[in-house]
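Working notes, beginning with the structure itself.
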Amino acid sequence: MQVKLKAIVGAALITLGASAFAQELVVKIGHVGPTSGGIAHLGKDNENGARMAIDELNAKGVTIGGKKAKFELLAEDDAGDPKQGTAVAQKLVDSKVNGVIGHLNSGTTIPASKVYSDAGIPQISPSATNPKYTRNGYKTAFRVVADDVHLGGTLGRYAVNTLKGKSIAVIDDRTAYGQGVAEEFEKAVKAAGGKVAERQFTTDKATDFTAILTAVKSKKPDVVFYGGMDAVAGPMIRQMKQLGINAKVVGGDGICTGELPKLAAGAMSDDQVVCAEAGGVEGKQKAGMEKFRADFKKKFNTDVQLYAPYVYDAVNLMVAAMVKAGSADPAKYLPELAKTKYSGVTGDIAFDEKGDIKNGALTLFTYKGGKRQELAVVR
């Protein structure tokens, strides 16, 4: 009798276990960023933002369509290279991810967006600012930051109206991001009545800028705009100092990082650099951002570099759409994602018909004593 009872109890436990297992829904979320190469510190920052969101969601015990969801992060490295970007995008599609957060660079995000669109997989970029990303008509493409039209335009007006730039030089790294933001900056300078005295180009791998900076110096610039990332901007600022170019340096979110003073190796003077981050919080929302930064530092033992909060919000926003739709099936939650309104650590997020954030903010920063300091939030 006792043996029979044990068998019945054992069978019941097995059935219960199988039932519990059946009720668990595995949700795979892909993340792509450059975790190798010159801007690996930014790629890792993004990945950590995704990991933080995933860990918190699993700790909360989120339910989707009556099933407890177990979230898995599939993190890939695109090295900031378009070919590698499309290759890892296909890898994530083949792994049947439920959604993708990424990529970091416009140059990898744009070609990868076609791969995700063809597969019907929603993609939210936390940092790609080139307008082309959401102008291709892909219903799967979204972004949670303002684009280059806003970013470059704001900086162009600022260079003329606030910095009073009379002789402005523009340099970009020929990437989709760098070229895009530089072109919008140049348009805004001209529209504000300013003059671009010199236009030069480099690459995102360059280390010697002597030739282009010599050409820039001949125009006696008071403002130099650089469209690109901090890994190139830092050494460029150092070489500007060596050549005696004492101009203000203006740039987009790619240079607006905590690492920039280190990369410039002590060559930056206070208030020399003005940069804009595509996003920003004001008033009561600042407390949420400060808490996020403190929690991030505690978890990863490193400060937020740049985009981690936007990645964190993008993951949570995507999951909120799944919960609302009662499904993690891309085809079912995609319509909800397009109309979801979400209040996150980076502020309020809602998308327009193209997938761009509505009323996106920009935060202007400068540097003092090697530390980034906020100047203003503009919309």
Taking the side chain from [X] and the backbone from [Y], do they hold a donor-acceptor pair closer than 3.5 Å?
X	Y	value
Q285	T346	no
S125	H103	yes
N98	A328	yes
N130	G107	no
Y158	V274	no
S167	K219	yes
R372	C256	yes
D45	Q305	yes
R143	A128	yes
D172	A182	no

[atom1]-[atom2] distance between [X] and [Y], expressed to the nearest 0.5 angstrom:
X	Y	atom1	atom2	value
N359	D352	CG	CG	11.0 Å
L74	K28	CG	NZ	6.5 Å
L42	T257	CG	OG1	6.0 Å
E186	E184	CD	CD	10.5 Å
T108	D81	OG1	CG	8.5 Å
Q90	L92	CD	CG	9.5 Å

Answer yes or no: is there an ion pair linking [X] with [Y], defined by an N-O contact shorter than 4.0 Å?
X	Y	result
K114	D118	yes
E290	K286	no
D295	K291	yes
D222	K248	no
D356	R135	yes
D303	K297	yes

Heavy-atom closest contact ([X] atom, [Y] atom, distance):
X	Y	value
K368	D271	CE-OD1, 2.7 Å
A75	R51	CB-NH2, 4.2 Å
P111	S106	CD-O, 4.2 Å
A53	N316	CB-ND2, 3.9 Å
T202	M236	CG2-CE, 4.2 Å
R157	A188	N-CB, 4.1 Å

Could you tell me if [Y] and [X] have a donor-acceptor pair between their side chains, going purely by distance under 3.5 Å?
X	Y	answer
Y133	D148	no
D204	T175	no
E56	Y312	yes
S343	D348	yes

Is there a side-chain contact (heavy atoms from CB on, under 4.5 Å) between K44 and E47 once you walk through the steps? CA-CA 5 Å; K44 196 64 190 171; E47 188 181 304; 3.1 Å; yes
Would Y367 and V249 count as a side-chain contact (heavy atoms from CB on, under 4.5 Å) here? Give the steps. CA-CA 11 Å; Y367 292 81; V249 176; over 6 Å; no
With a 4.5 Å limit on heavy-atom distance, are the side chains of [X] and [Y] in contact?
X	Y	result
V250	F185	yes
P235	F209	yes
T140	I121	no
L317	L337	yes
V160	I168	yes
Y226	V232	yes
E198	P221	no
V319	V62	yes

What orientation do F296 and F292 show, parallel under 30°, tilted 30 to 60°, or perpendicular over 60°? tilted
What's the verdict on side-chain contact (heavy atoms from CB on, under 4.5 Å) for I64 and V323, showing C-alpha distance, side-chain angles and the deciding distance? CA-CA 5 Å; I64 298 174; V323 170; 4.0 Å; yes
Verify side-chain contact (heavy atoms from CB on, under 4.5 Å) between H31 and I54, making sure each step is shown before the conclusion. CA-CA 11 Å; H31 174 270; I54 294 287; over 6 Å; no
Give a yes or no on whether [X] and [Y] share a hydrophobic cluster (residues Ile, Leu, Val, Met, Phe, Trp, Tyr; joining criterion: side-chain heavy atoms under 4.5 Å apart).
X	Y	answer
I245	V196	no
V32	V97	yes
L306	L260	no
I124	V27	yes
M229	L362	yes

Y177 and side chain to side chain contact (heavy atoms under 4.5 Å, CB included): which single residue from L104, T129, N105 fits? T129
In terms of heavy-atom contacts, does CG of D94 have more than 12 from other residues, nucleotides or ligands at under 6.0 Å? yes
If you count every heavy atom of other residues, nucleotides or ligands that lies below 6.0 Å from N246 atom CG, does the total exceed 12? no
